[in-house]
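Counting starts at 1 for both ligands and their atoms, following the listed order. Side-chain atoms are counted along with the backbone in the values below, which use heavy atoms only and exclude waters and symmetry mates.
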Amino acid sequence: MTESTYRIQGATGEWEVVIGLEVHAQVTSRAKLFSGAATAFGAEPNTQVSLIDAAMPGMLPVPNRECIRQAVRTGMAIDAQINRWSRFDRKNYFYADLPQGYQISQLYHPLVGEGAIEIALDEKDPEGSVKSIGVERIHVEQDAGKLMHDQHPTRSYVDLNRSGVALMEIVSRPDMRSPAEAGAYLRKLRAILRYVGSCDGNMEEGSMRADVNVSVRKVGDELGTRTETKNVNSVRFVMAAIEYEAKRQVSVLEDGGRIVQETRLFNVESGTTRSMRSKEDAHDYRYFPDPDLLPLELDEAFLEECRASLPELPDAKRKRYEGLGISAYAANVLTAEVEAARWFDALLETGAKPVPAANWVTSELFGALNRTGKGIENSPVSVDQAAELLALVADGTLSGSLAKQVFEVMLETGDGAARIVEERGLKQTSDTGAIEAVIAGVLEKNPNQLAQYRGGKEALFGFFVGQTMKAMGGKANPAVVNDLLKKALG
Ligand code: ADP
Ligand code: MG
């Protein structure tokens with residue numbers, strides 16, 4: 001394990017940052033946690049609200065089996081303890097976006113207990129730089145509605161579409177020690193959720209938000225007092241909020257002040273945090289078991305189904321790829337996003353050779369996608385088209401540099417590789433007679449370099465290879481060129 005070395009230098013010495021994240025992840029489910037209303041993003045305000053979500057008197061909540069199932073699967077994916085007995089509690093508070101006057105959550109007996117998420121501190125060495133971040137619990141709860149203040153000069157409106165949508169609250173241990181570790185944790189958590197299919201991880205649409213708990217201490221001291229910055233909605237903002245908040249706390253403490261435990265807000269424009277309210281404790285909410293709901297009891301068959309439905313997860317997939325000879329770095333890149341991993345698995349299924357396929361996808365294809373700002377799910381080249389191109393490299397029809405040219409044409413025209421090779425005569429040649437003739441010409445045109453080479457300057461070999469390839473328009477088989485040049489140069 002690589003020791004994280006993020007430190008803040010103060011006049012009185014070095015400070016260490018301690019971070020714990022509470023992530024709210026919207027459960028992928030067509031219906032809400034306790035009602036049948038729809039959950040689609042972007043619907044007209046108040047079009048997805050049942051009588052339960054509007055808290056009409058006498059309505060009774062009924063747990064949605066699919067939401068519970070997704071939370072259990074998520075717990076299993078992080079090797080967490082699954083509690084076969086759990087219970088819902090009411091968290092009481094008043095706010096205009098919460099018609100019930102309480103949120104149904106789980107305080108005392110959460111669905112999921114202790115687990116862990118492994119992050120890699122060095123993406124070039126994902127195996128050797130692993131750090132395990134503890135997850136304290138995952139509980140299931142309702143989301144609130146949304147207030148709209150920009151519709152009318154003097155009035156506010158409330159949209160209850162989100163009211164009652166199922167959230168998982170994933171609470172980490174205070175195990176992170178730098179903004180980079182927090183970023184790696186969030187990216188890994190997001191990848192796991194998306195592999196599992198329990199949350200779409202879309203931070204822009206608010207499907208995943210983080211409450212960022214930060215404290216500072218001198219290395220080796222007890223934990224310091226923390227602040228909690230609420231509802232930060234991108235990995236970059238989380239990292240910026242930590243950076244700002246840690247420095248702010250250090251300067252307060254260095255000036256002889258003390259940190260107040262409080263809730264803060266992150267300002268996206270300025271990258272700063274400001275105080276919102278002093279922190280409330282659990283007892284302020286008068287939590288008590290919800291009398292409308294029976295405890296959840298999970299049977300073995302349900303757990304078995306949850307377990308059996310888990311896909312291959314990022315770490316397992318990465319290790320499998322490495323087992324195929326793919327570099328640790330490429331395996332890490334290929335498994336970081338579920339769409340890329342699925343695309344690559346489909347490519348392997350066509351019979352493509354793993355190592356050249358991985359190199360091609362991570363350099364050529366990802367390069368092209370980056371240039372055009374596209375995700376792999378909108379790749380201009382299909383899996384079958386990629387397989388065709390790679391097969392032409394594998395059977396020697398195309399050299400690496402010809403394959404690049406052909407790929408460019410594929411991107412422009414959408415045509416298949418074989419057709420492009422045929423139409424444009426881009427085939428690689430291994431015709432020794434033709435190559436020898438070109439080599440003879442190259443040696444004749446470069447007598448100085450030839451003399452230097454023969455005088456012992458062997459580094460010039462590459463120069464002759466380059467000249468020969470150039471003279472042949474990049475179409476000569478590089479291995480044959482190498483052999484024939486060695487012979488010609490003696
Ligand atoms: P609450 O539910 O009141 O917010 P918890 O004790 O459940 O409080 O902790 C919430 C989050 O704060 C957890 O993610 C935890 O890791 C983190 N945390 C707790 N103590 C500290 C600390 N001293 N510094 C940074 N983070 C902390
Ligand atoms: Mg909290």
Side-chain angles (χ1 to χ4, degrees), residues 4 6-8 15-25 74-75 78 80 86 88-93 102-117 119 131-141 167-186 188-190 208-232 235 238-239 241-250 252-253 258-266 273 275-287:
S4 166
Y6 184 84
R7 296 277 189 273
I8 294 174
W15 297 83
E16 177 181 56
V17 185
V18 174
I19 305 148
L21 296 175
E22 295 163 277
V23 172
H24 289 93
T74 305
I78 62 164
S86 69
F88 289 103
D89 304 302
R90 290 187 180 180
K91 179 182 183 178
N92 299 281
Y93 67 96
Y102 56 85
Q103 176 194 32
I104 304 179
S105 181
Q106 299 189 301
L107 178 68
Y108 304 104
H109 298 280
L111 183 60
V112 178
E114 197 87 23
I117 292 178
I119 59 171
K131 176 170 176 177
S132 178
I133 307 297
V135 171
E136 190 182 309
R137 57 195 271 148
I138 301 178
H139 62 255
V140 180
E141 62 185 26
L167 303 176
M168 295 179 275
E169 179 167 335
I170 304 157
V171 184
S172 88
R173 295 263 173 216
D175 286 349
M176 288 156 274
R177 293 290 177 272
S178 68
E181 286 187 16
Y185 171 83
L186 279 175
K188 187 62 171 285
L189 172 58
R190 182 170 176 271
M208 207 178 134
R209 330 182 299 247
D211 295 346
V212 185
N213 295 273
V214 175
S215 64
V216 298
R217 65 175 174 187
K218 290 280 175 58
V219 181
D221 279 3
E222 308 251 291
L223 286 183
T225 303
R226 74 189 147 108
T227 63
E228 179 177 1
T229 303
K230 281 279 186 196
N231 269 327
V232 188
V235 174
V238 167
M239 292 169 69
I242 294 167
E243 183 111 37
Y244 176 85
E245 188 51 23
K247 287 187 178 142
R248 186 190 69 82
Q249 292 183 13
V250 166
V252 168
L253 294 169
R258 56 178 204 92
I259 302 302
V260 202
Q261 182 165 333
E262 63 182 356
T263 302
R264 298 180 69 88
L265 276 183
F266 180 67
T273 66
S275 179
M276 181 162 85
R277 56 170 189 256
S278 68
K279 168 104 180 120
E280 52 295 295
D281 284 315
H283 64 250
D284 295 324
Y285 289 113
R286 302 289 188 274
Y287 276 97

So the atoms of ligand 1 within less than 4.0 Å of a heavy atom of Arg173 turn out to be 16 (O)
To atom 14 (O) of ligand 1, the nearest of Ser172, Gly224, Ala210 on a heavy-atom basis is Ser172
Counting from 1 in the order shown, the ligand 1 atoms closer than 4.0 Å to a non-hydrogen atom of Val171 are 13 (C), 14 (O)
Within 4.0 Å of some non-hydrogen atom of Val18, the atoms of ligand 1 are 24 (N), 25 (C)
Using side chain to side chain donor-acceptor pair (under 3.5 Å), reason through Gln249 and Thr227 one step at a time and then give a plain yes or no.
CA-CA 9 Å; Gln249 292 183 13; Thr227 63; 3.2 Å; yes
Atoms of ligand 1 under 4.0 Å from any heavy atom of Leu223, numbered from 1 in the order shown, are 23 (N)
Electrostatic pair Glu114:Arg173 at N-O distance under 4.0 angstrom | yes
Minimum side-chain heavy-atom gap Leu189-Ile170 below 4.5 Å:
yes
Numbered in order shown, the ligand 1 atoms found under 4.0 Å of a heavy atom of Pro174 are 16 (O), 26 (N), 27 (C)
Requested in this report: Would you indicate whether the side-chain heavy atoms of Glu181 and Asp175 approach each other to under 4.5 Å?
Outcome: no
Taking only non-hydrogen atoms of Leu21 and a 4.0 Å limit, the atoms of ligand 1 in range are 14 (O)
For this session: Mark yes or no for whether Ser172, through its side chain, and Leu21, through its backbone, hold a donor-acceptor pair below 3.5 Å.
Result: yes
### Donor-acceptor contact below 3.5 Å, side chain Asn92 vs main chain Arg286
yes
### Query
Is any N or O atom of Ile19, backbone or side chain, closer than 3.5 Å to an N or O atom of ligand 1?
no
